[in-house]
Protein chains: 2
Amino acid sequence: MTIMSDINLGPLTTLTGYALRRAQVAVFQDFHAMMEHEDIRPAQFSVLEVLKHNPGLRQTQVSLTLGIKSANFVPLFDALERRNLAERRPIEGDRRARGLFLTQLGLDTLTRLEKLVDQHEARCETKLGPTGKRTLLDLLHRLTEAR
Amino acid sequence: MTIMSDINLGPLTTLTGYALRRAQVAVFQDFHAMMEHEDIRPAQFSVLEVLKHNPGLRQTQVSLTLGIKSANFVPLFDALERRNLAERRPIEGDRRARGLFLTQLGLDTLTRLEKLVDQHEARCETKLGPTGKRTLLDLLHRLTEAR
DNA sequence: TATTGTTATACTCTATAACTATA
DNA sequence: TATAGTTATAGAGTATAACAATA
């Protein structure tokens, strides 16, 4: 039980990157707590969602979209395939590439995951207030977009 | 040269955690590019700032404040000490604990780093607009604070 | 020659358990 | 018994280079 000490953070208090990191860690901890017994990580969830909404994409397209290096995407997707949540299928006309799809189990699982994520997201919205989340997303997009 | 494809991100488009992660990565990349030839990482910078504003803190206090596990703090601080940027000193009255301080070189270095960080932060502010940054910090704090 | 996917590998970050020396 | 710091270690996450198969 530590007394809340008045430690001076100096310029960190107004440093965008520092605030971003702390908030991201906090939000991801909540996500992780929610997904723990489903054993799904944020990156895996994002891949499943992309495949649900864009079945048949190539690995390069998915990994580029999500900012995952193709070399790192391979073991990530291998794990999903091993669990029979998603699969690689041959593509007509290009025997180098593979199309990525959810399996039926993957789709069913994702439906269950989305309910959990909705609860997780609701907790964020509670903290941010009704208009706060919209504002936050807008500001974050400005930081993410190149230029 | 890839054509910008219209890939559907589904619920990720309004997922706070996803937007947070992408923004944090973008901001940290800019920080890293700025600090590359100084060879200082975000966590190291934050430790140096805390020591500058709170000389003599114990390791536990610093690591707890910054959300770094004490076991991971040791090699982090070892590196700073090896480079003669900071040092551990004995504490009167408790021979288990050590007080942490910047060296003169550490203080001089930090002064130089702060100028770089100011430029980095200015780029963030440009993207966020004058009131945007203040709003963003407020919203991020709401996510970070427990409750 | 260029592209898709892959392997191997290394480095950072983070997490846990167990230890020491002191209190 | 509890605390401050430390060690060892394992697991993620991320980065680069090089390769095979195919275009």
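- Between B/His32 atom NE2 and C/dT12 atom P the separation is 10 Å, expressed in whole Å.
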(Q) If you apply the rule salt bridge (Lys or Arg N to Asp or Glu O under 4.0 Å), what do you find for B/Asp78 with B/Arg88, and how did you get there? (A) CA-CA 9 Å; B/Asp78 286 348; B/Arg88 297 165 165 102; 2.8 Å; yes
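- Judged by distance alone with a 3.5 Å cut-off, no donor-acceptor contact links the side chain of B/Arg95 to the base of C/dT22.
- Rounding to the nearest 0.5 angstrom, the gap separating the CG atom in B/Leu110 from the CG atom in B/Leu51 is 9.5 Å.
- For C/dT4, its base never sits under 3.5 Å from the side chain of A/Arg58 at any donor and acceptor pair.
- We find that CG of B/Leu76 is positioned 14 Å from P of D/dG5, with the value rounded to whole Å.
- Residue-to-nucleotide proximity on DNA chain C shows that, of A/Arg98 and B/Ala43, the 5′-proximal contact is made by A/Arg98.
- Note: CG (A/Asp78) to C1' (C/dA8) measures 14 Å, nearest angstrom.
- Rounded to whole angstrom, the span from the CZ atom of B/Phe28 across to the P atom of D/dG13 amounts to 17 Å.
- For the pair A/Gln61 and C/dT4, the criterion of a side-chain N or O lying under 4.0 Å from OP1 or OP2 is not met.
- To the nearest angstrom, P of D/dG13 lies 14 Å from CZ of A/Phe73.
- Along DNA chain D, the nucleotide nearest B/Arg21 and the nucleotide nearest B/Asn72 are compared for position; the residue whose nucleotide lies closer to the 5' end is B/Asn72.
- Heavy-atom nearest nucleotides on DNA chain C were determined for A/Val25 and for A/Thr60, and the one closer to the 5' end corresponds to A/Thr60.
- Between A/Ser70 and A/Gln59, the side chains place no donor N or O within less than 3.5 Å of an acceptor N or O (distance only, hydrogens not considered).
- Closest contact between the side chain of A/Gln59 and the listed nucleotides D/dA17, D/dA12, C/dG5 involves C/dG5.
- Contact of B/Asp94 with D/dA4 (side chain to base): no donor-acceptor pair of N or O atoms is detected under 3.5 Å.
- The line from CG of A/Asn84 to OG1 of A/Thr103 is 4.5 Å long, rounded to the nearest 0.5 Å.
- The side-chain tip of B/Arg21 does not point at the ring of A/Phe28 from less than 6.0 angstrom away and within 45° of straight on.
- Between the NZ atom of B/Lys69 and the P atom of C/dT12 there is a distance of 21 Å, rounded to whole Å.
- Among C/dA8, D/dT6, C/dT4, the nucleotide with an atom closest to any side-chain atom of A/Ala71 is C/dA8.
- Taking atom CD of A/Glu36 as the reference point, atom P of D/dA12 lies 12 Å away to the nearest angstrom.
- Distance from the side chain of A/Arg96 is smallest to D/dA21 among C/dA17, D/dA21, D/dT14.
- Across the protein-nucleic acid pair, A/Ile68 atom CD1 and C/dT6 atom C1' stand 16 Å apart, rounded to whole Å.
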